[in-house]
Amino acid sequence: MIASGHLFLALLEGLVSGLVLALTALGLSLVFGVMRIVNVAHGEFFMLGAVIAWFFSAALGSFGLALLAAPLAVGAIALAADRLILRPIRYAPEATIVATIGLLYILQQLVLMVYGPYARPVDAPVYFRVEFPWFGYSGYKLVVAILAALLLGATWLLISRTRLGLYMRATQQDPDVARAFGVPTERVYAASFALGAMLTAVAGALVVPIQQAHYLMGLDALLLSFMAVIIGGLGSLRGTLAAALLIGLVDGVVSVFFSPTLAKIVASALVALVLVGRSGGLFGEGAT
Amino acid sequence: MLTVEGLECAYGEALVLRGVSLRLAPGQVLGLLGRNGAGKTTTLRAIMGLLRPRAGRIVLDGRDLGALRPYEIPRLGVAYVPQGRGLFPFLTVEENLRMGLLVRDGDRRRLEEIFELFPALRERLRQRAGTLSGGEQQMVATARALAADPRYLLMDEPLEGLMPLLVEALLGVIGQLRARGVGVLLVEQRIEAALRAADEVALMEVGRIRYQGTAAELANHPDVLQTYLGVRRDRRVGG
Ligand SMILES: Nc1ncnc2c1ncn2[C@@H]1O[C@H](COP(=O)(O)OP(=O)(O)OP(=O)(O)O)[C@@H](O)[C@H]1O
Ligand SMILES: [Mg+2]
């Protein structure tokens, strides 16, 4: 009875963190897939989402508004970064890695200067506990899981059903031919970069009531989403989603029954396995 | 009228087009022939704005295309069948055709006309374009360009790898387009087939147009073909 309670808790924790990771990793995967660039500053968009959410909830007293404002503000920052940094270097793969490392430090240090080295919490917007047979569970975490799932679904619809989504996929597969069919590919790149940043910013904002906001919190987000993207198969959104959930669940189970450190080791081992063995990841390229 | 005047293009330092001039009228089929590496594909890419010319002008009905962004050119009614088909392999056939429709916001009724030209595509709509046979992919590439409702159509080796029956079908489609007033710039390796479809022919050699004349004229001068296209005519008899 105790063991099954623990297992249930572990799976639940894993599902919640897996869904939040899926949002972040989906953003990274989208940017990599469509633009063929590795955004090393991706985790900083997560951190900015959290810090801006803290800022707006402190200033406006409404976490709901903060949840809207954070991705919008981060989206605007991403658009500026695309226009001022990535487009001038023409999205050249090596150059963007160096440039986004620079962006990482700029954003991190700016937040350190303005926000300081503190870890600050926000009160959860909803307070209730869901009673399971073995224990009560934070209602807010379940709300996070549901919101994350809805956003993932919405992103999926955007990519598979809308004109912008079609243009993103076409640009990913052949930018020249896309241009020859009237696609303004530079705008598609800007939109993909902003969308990727907004997805991770929402994830960052959602976890502030659980984890607090801190200027270094982007590093973990970056590492875990890299793992998800690699395990899932570079360029495959479906694979990234599956891998993020897998990482979340493995992390939950191993953390509860063994230790959080072992959980990270297991996840890294999975990455190594994919890199050594099936270099295509769970899903091959192009499966979207 | 689509005119190319003194076009020069380079990849890095290598000058590939050395002053290409062409005129394509509505309802005209202009064959552009030349050996491998002559610069045919480069010419088409430059017209589509995918390559910035070093010199020269490309003018569409009095409008200089050089000032436009690449994605604006197809919206003016210039459609492209890339060499090697250039399909979006992971998009379905339907999505590939939709890419054509969206260029000028055509509605789905246009697809019905296209299915009359390429009936085999109707059953393939939900399939990923990359999984089709070579011949079917070639059909999709042409159908996608037609979905964009072009006034001028640039085709880069659309007959490549087609079996004779499909070659005839595609030549028939080109004939219909011509009758409807579409100007077709046809790059081909299958010289016999190109000569049958074309009104005029331009022969290209290392980045220059070396000969331009009517297809009938050229048919009577095999020596000209021999000179500019060399042995290839004998090896690759098409149609
Ligand atoms: N991306 C590129 N970078 C550098 N050189 C190129 C590039 N594309 C083509 N070239 C060179 O430019 C020249 C013209 O190439 P192009 O593709 O236009 O010829 P083509 O007439 O279409 O030949 P083919 O009949 O083989 O298709 C060739 O010498 C080719 O090697
Ligand atoms: Mg060519």
Side-chain angles (χ1 to χ4, degrees), chain A residues 29-30 32-36 82-83 87-88 90-92 156-192 232-241 280-288, chain B residues 41-42 44-52 65 68-92 94-106 128-131 137 140-141 143-150 152-156:
Chain A
S29 189
L30 195 69
F32 176 80
V34 176
M35 306 169 75
R36 304 275 139 178
D82 173 72
R83 195 61 223 261
R87 203 194 286 194
R90 321 197 81 198
Y91 306 100
W156 190 262
L157 285 179
L158 175 91
I159 290 167
S160 60
R161 293 286 151 78
T162 68
R163 181 175 185 157
L164 175 62
L166 182 66
Y167 279 3
M168 285 163 75
R169 287 180 290 146
T171 303
Q172 166 169 14
Q173 290 168 36
D174 195 329
D176 266 352
V177 177
R179 276 174 213 122
F181 281 85
V183 178
T185 47
E186 294 199 321
R187 269 182 244 161
V188 170
Y189 287 150
S192 306
L234 294 175
S236 162
L237 297 185
R238 222 181 304 191
T240 301
L241 283 183
L282 292 178
F283 296 73
E285 163 106 26
T288 56
Chain B
T41 297
T42 306
L44 299 197
R45 285 174 53 81
I47 297 173
M48 293 310 299
L50 300 176
L51 201 76
R52 202 157 271 289
L65 298 188
L68 300 180
R69 325 267 315 152
Y71 62 85
E72 292 173 309
I73 292 170
R75 294 178 186 175
L76 297 177
V78 186
Y80 184 34
V81 179
Q83 183 167 7
R85 308 170 197 114
L87 295 182
F88 302 109
F90 298 110
L91 299 188
T92 63
E94 188 171 20
E95 286 171 327
N96 269 279
L97 297 178
R98 186 151 172 256
M99 287 298 293
L101 279 183
L102 286 173
V103 172
R104 302 177 82 186
D105 291 315
R128 282 194 180 179
T131 65
Q137 291 193 21
V140 177
R144 178 180 62 176
L146 294 185
D149 192 17
Y152 296 93
L153 179 59
L154 315 183
M155 307 181 87
D156 201 343

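All of these numbers come straight from a predicted model, not from anything done at the bench. Naming convention: chains lettered A, B, ... in sequence-line order (proteins, then strands); numbering from 1 in each chain.
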All salt bridge (charged side-chain N to carboxylate O under 4.0 Å, His left out) counterparts of R85(B), not counting sequence neighbours:
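Partners of R85(B) under the salt bridge (charged side-chain N to carboxylate O under 4.0 Å, His left out) test: none.
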Heaviest contributor of heavy-atom pairs below 4.5 Å to chain A, chosen from R104(B), M48(B), R69(B), E95(B), is E95(B)
Just by modelled atom types, is the E186(A) backbone N or O under 3.5 Å from a matching donor or acceptor in the R87(A) side chain?
no
Give, as side chain, backbone, both or neither, the part of [X] having an atom under 4.5 angstrom from any heavy atom of chain A.
X       : answer
M99(B)  : both
P82(B)  : side chain
L102(B) : both

For Y91(A), all residues meeting ring-ring contact (aromatic ring centres under 6.0 Å, His included), sequence neighbours excluded:
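Y91(A) satisfies ring-ring contact (aromatic ring centres under 6.0 Å, His included) with Y189(A) only.
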Ion pair present between R45(B) and D156(B), side-chain N to carboxylate O less than 4.0 angstrom?
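Looking at R45(B) and D156(B), the cut-off is not met.
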